[in-house]
Structures are given as structure tokens and as C-alpha cells.
Amino acid sequence: MKKIAPFTIALAFLASALYAFSAAEKTADAAKQGAAPAQPAKAEATKEPLVCFESRKGASEITQREIKPGWPNVKCSPTTGAALWYGDPYEGTVPLGKMPGLEKIPEGHAVVRPRSEKLAILPMCAVACHNGVGPAFVPPALPKDKKPVPIPTMEGLLPALKDLQHGRGRIWCLDCHHTTKRNMLVDNYGDPVSFDQPQLLCGKCHGDKLRDWRDGIHGKRIGEFASTGRKRWFVCTECHNPHNVQDGARNRGFAQLQPEPPPQLPRGMKDARHELVHPIPH
Amino acid sequence: MTHEETPSADPAREQEAERAVPPASADPAASAPRASRRDFLKAGGMLSLSSLMGTAALMVQSDNARAAIEWAEHFQKNYRLMTPQEKAEARARLERRYSQEYGRKVNVDTTDAQPGVLMGYALNVRKCIGCRRCVHACVAENNQSRGSRPGEKIEWIQVLRMERGEFAKEKMNQGYPEGLGIQVGGNAYTPAGEVLEGQYRYEPAAVPEKDATYMPIACMQCEKPPCVKVCPVRTTYREPDGVVVIDYNWCIGCRMCMGACPYWARRFNVNNPVLPKEEINPVTHYLGNRPRMRGVVEKCHWCLQRTRHGRYPACVEVCPVGARKFGNLLDPESEVSLILARKNVFRLKAELNTFPKFFYFYD
């Protein structure tokens, strides 16, 4: 026995050393394998930054970037290009500003992403054509039938204007856009308000929706769920296109989107046609 | 100087020593005189010590943390019975194993339920457009298996597409429907119209479709959960903030809970979960989205790794139409409390008395 013991100790240590070595080699191999597919993805990212849309196409977008190693600010759907996951919900936001009914929310806890950055023709609006001089209408001499005179340039910029459906023909451009400051909207008193705060304009008619939006029932918010938590609020025009609210093919006020891929089929099933037939054929 | 020459101080003791030596024997078994009991135990002790040291060396020195940790995991208690010390140990073990398996720092959170919070969820069925973004956001957040073979692609949220009913006047008196579809028009005596029972795998070019209603279904986080009642090892239970969770380490994979759940909310890992290294979400919770193993059941847990730290669940944050609302039911100012106060609310299969904390509402 005495003779065996030292041999056993030696053998055990040898075996452990061998095992540790092989394990280290295995992990090194695994690391190499893991690194290999990651490289082309990185190369793609450097080629062209991935931009994904948030609520509807053409309204607000986020450019993907890494906040810290391996932690992107947003993950995009490879199928549809929609934002699928937020690493940083407050990116690029500014405070919402004062609004009655928000007294309980601490300063700076309600934030929005400025809309004016995404509105492509907004910088031109006030300077190029509508430079604030305009025809001298004080008070503005609005046409009786509220039918805008077709302006080819405007229709070229915004095709939805050809058949403006908002209000079923009862309202026209200058009911919402300021008469002299065209890069602004109008509030209840006819004063200019920023494009970043469309709720001050929309709430004039859609008061019930404004109240629900203020309380968090209508619309979308991301961030902290506590009622006094820090949240990014999505403003009206991030989800709704005010120029095109009715459309034959759409449903429930939302523009149509491409859906994400369906779930996996059960084992042995070729397609999902069984869902399209009645349980008992007739 | 030899022993014999030494003058003995005590002759009587010497005599006694001589008497203690056993007499010579012819038996060969008894003839090995040198191996005393002490020697035998000593040698045996050395042997077992060396083998133990070898095992220890294997488990401590090797980089393969998986073997060592799985060994320790087999002996850990049910999560609810663990002391804070044991929880910390379990957490450290898991973090080490996951970090090695996925090649990056994986954090396993063990934050307990926050006092004064009872989580609740509300979903506007009228707004849902069936785009399935919530389904895929959930997968991106919660480390589900995403393989291509049958049973390897797991999604916790199902979106059910239902046809709109036909309440057209001309169809009101067309008689009973043929077959066994759902009656959607007419009245009890003269029903009219018939729709499909529902589709999960609809694939139109664009949603919402004109004639469809969509209804996402996931775990309802019942106040009286049938799955908790049937679990034979009590590994699924309701947390104090209202979420029904699973301690994956204690799950034996019997799938009783899957049979008991009336909302089809639970999924089973038939194979080893397929989770590529670059796709793992490294922020995890012990009872939430930590990577699962083969043979355990999993389900929605309202993103505990987020909600325990005050953040919205992932599905709420990506819903493009704002149909999903989440909040604290104990806070009268929260979104869900206001919806319960103002809107028309129903619960799915309320007649089963499961008391879900997931409410469907419409404007």
C-alpha cells in the first residue's frame, strides 16, 4: 500500500494536468469558431450602418451602433428592417416640455425624440417658398370651400396631398400649418408650435386621445414602467401620418406593414394549409 | 551501542512487551506480521487523499467549468429554499459556466420582488395589427432556442389571427352554419356565417388585413395558476410581485404544467437549446431568461431581468402601435390601473377561475 500511494498521487496529477490542457485547447478552438462568423457581420456593419424604422416606415428611424462592446443600441429585424429590441430607450431624446396634467412626473422624465430631424423638407419650408412674407392677409383670407389650389411643387413633395383625407375634406393645409411660419404648426390660439410637439395641434380635435395619450393608455412609451419613471414618449406623428389617414387597403388607422416570419411548423407538417380549412370538411 | 547491551531500567516492562508479540503461527494469513491496522489505515488514507486531490485538481484547475458546475448544480436546493449565501453561490456558478460557454461576460441577476409592486399587463385587441414584432423581440431578449430543426425554435408569444364576423343584414337569416365552425352572426335561432377557428401561421404580404382580428397570447401570470398546482417538484411558483416563474434546475421535464395551462403558454426544450454565441442576451435573471438546458419547460416571465429593475418588458417596447401596456397594479396612476378604471376589459377564459393578470381591452 505504501508503495502504491505515491504512484497514485503522481498519476492523478498527471491526469489532471492532461485534462486541463485538453480543456484549454477545446475552449481555444471554440473561441476561434465563435470569432469566425462574427467577422463578416462586423465587416458588413462597417460597410453600411444598419438603419431600422421604429413605428411605421418613413416616420422615425434609428441607426444601429454599439453602446458598449457587444451591446447595440437597437436590434433590427433581418426580415422587415423594423426595430426589434432597444438597448438604450432614450437615445437622441429631448424633454417633452410642459403639459397640463403632468405635474406628478418629475422634470426630465418625459422625453421625446425631436421630429424635426426626420422631416426632410422642413428646413426649406420657411425660407424657400414660404418665407413668411406671403400675400398680405391679416387676418388670413382663407378660401371659403377650404379646397387648396393645387400646387404642383407641393404635390410632388407630398403625394398624399392629391387626395387629402384628414377630416373627410373639412380641413385643409392652413388649419394645421401656420399661415406665415410654415415650419410651425398652430395650437388652439393660432400661435405657432413646434413640429416636435404635434400633440398640441392634434389634441384640438382628438381630445379624448390626447387625454389617453397623456395618461399612457394611448400610444407607445418605452423606458421605465413606473408611473413616475423616465420614459420616452412617442408623439402622434411617429405612428400616424396626418396627411394620409384613410386608405382602402388598411385597417384601424395604421399603415400596413410586412409581418415578421411565422412560427415553426409542427414536426412532419409541410405547410400551414390545415389552418385554412374548416375542422370538418363540408 | 546495541539494544541488548543497554541496561534495562525496567525488566518487568520488557517482559510484558515480549508477551505482547503474538506467537508464531503456521497460518499463512496470520504470518504477515508487519501490516498492523495503523499501517493499513494510513496507506488507505493516503490513497483516498491522493484520489480526492486528483479529483479536486480536475475540477478546480481545469478550464472546463461546465463539468464542475453541473456537479455542484445537481446538489443545489430549490431556489425558494436557498439562503442568500446559497443564492450567491449558485449565481456565481452559473455566471462562470455561461461566461465560458458563450465567450462573454454573462450576468445572472437574483434580484427579489420589489415591495409594493404587483405587475399587470393590458393589451388593446382592437389596435393589434398582427405584425409579430413582439414575438421576435421576446426571442431576442429571452435567449430562447432558435434552431431550424423541429422543436428547436421556441417562441413564447403566439399571435392568433381570427376572421372578422359577418353581421351583414343579408346574412342574418341564412340558417345554421354547415360544419363545426364558430358561429359569428345571426342569433341563437337563426345563426349565420362561419369563420375559421384561427390561424397562427398566417403570412400575408402586409398586415393588418381588412377582414382579420389579431390576438396575441402568452403566459397570463394567473393569480391561481393551474400549472403551479400540478407541478410535482414545486419548481414553478408565483413570486410576490405576481409573476409565475420556473427554477429551471429543479424542473424534471414531466410537462404536467403544459397540460394544465389553459393558455398554451409553456414550451418544452426537446433538444439542446440552440443559442448562437453572438445572439445571447448577457443580461439575465436566475428565474427569467438565463440560458435553459434540454428537458426543461420555459415560458414568459414578463422579462424579470428588466421589470425587476423598473424597465418595460421587451414586447411592450417594440409594439409599433402601442397596443401593449404594462404597469404596477398597486399604483392607481399606472397605465394598467387606468385602463382597468376606464376601458372595456376582459380576461381570456375567465370562467376557469385562473384570475390572469393579463387583461385584454378595447377602446
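A, B, ... follow the sequence lines: proteins, then strands. Residue 1 opens every chain.
Put simply, of A:Ser77, A:Pro89, A:Pro69, the one with the most heavy-atom pairs under 4.5 Å next to chain B is A:Pro89. The most heavy-atom pairs under 4.5 Å with chain B, out of A:Arg221, A:Glu224, A:His218, A:Lys104, come from A:Glu224. For the set B:Cys138, B:Ala205, B:Ala314, the entry with the most heavy-atom pairs within less than 4.5 Å of chain A is B:Ala205. Comparing B:Asp331, B:Asn328, B:Val321, B:Val336 by heavy-atom pairs within less than 4.5 Å of chain A, the highest count is held by B:Val321. The choice from B:Val139, B:Val159, B:Thr307 that makes the most heavy-atom pairs within less than 4.5 Å of chain A is B:Thr307. Interface remark: of the candidates B:Arg104, B:Glu152, B:Arg342, B:Arg342 forms the most heavy-atom pairs closer than 4.5 Å to chain A. Ranking B:Gly310, B:Gly322, B:Cys134, B:Gly103 against chain A, the residue ahead of the rest is B:Gly310, based on heavy-atom pairs under 4.5 Å. Of the listed residues (B:Cys131, B:Gly130, B:Ala137), the greatest number of heavy-atom pairs within a distance under 4.5 Å of chain A belongs to B:Cys131.
Using a 4.5 Å cut-off between heavy atoms, B:Glu141 contacts chain A through both its backbone and its side chain. Contact annotation for B:Lys153: both backbone and side-chain heavy atoms come within less than 4.5 Å of a heavy atom of chain A. Only the backbone of A:Glu54 comes within contact range of chain B, judged by heavy atoms closer than 4.5 Å. At a 4.5 Å heavy-atom cutoff, B:Asn124 makes no contact with chain A through either its backbone or its side chain. When heavy atoms are compared at a cutoff of 4.5 Å, B:Pro276 does not approach chain A at all. Heavy atoms closer than 4.5 Å to chain A are found nowhere in B:Lys105, neither backbone nor side chain. With a 4.5 angstrom heavy-atom cutoff, B:Glu333 touches chain A via backbone and side-chain atoms both. Heavy atoms closer than 4.5 Å to chain B are found nowhere in A:Phe234, neither backbone nor side chain. Using a 4.5 Å cut-off between heavy atoms, A:Arg232 makes no contact with chain B at all.
Cation-pi geometry between A:Lys209 and A:Trp213 is not met at under 6.0 angstrom from the ring centre and within 45 degrees of the axis. A cation-pi contact links B:Arg132 to B:Tyr202, judged by a cut-off of 6.0 Å to the six-membered ring centre and 45° from its axis.
Heavy atoms from other residues, nucleotides or ligands lying under 6.0 Å from CZ of B:Arg149 number 12 at most.
For an aromatic pair to be called close, the ring centres must be under 6.0 Å apart, and B:Trp156 with B:Trp302 fails this.
SG atoms of A:Cys76 and A:Cys52 are separated by less than 2.5 angstrom, consistent with a disulfide link.
Residues B:Arg324 and B:Pro216 are in side-chain contact: their nearest non-hydrogen atoms beyond the backbone lie under 4.5 Å apart. No side-chain heavy atom of A:Ile105 sits under 4.5 Å from any side-chain heavy atom of A:Lys231. Residues A:Gln197 and A:Val235 are not in side-chain contact: their nearest non-hydrogen atoms beyond the backbone lie 4.5 Å or more apart.
A salt bridge does not link A:Glu238 to A:Lys220: none of the charged side-chain nitrogens sits closer than 4.0 Å to a carboxylate oxygen.
Taking the six-membered ring for Trp and thresholds of 30 and 60 degrees, B:Phe326 and B:Tyr121 have ring planes more than 60 degrees apart, a perpendicular arrangement.
In this structure, CG on B:Leu49 lies 13.0 Å from NZ on B:Lys42, to the nearest 0.5 angstrom.
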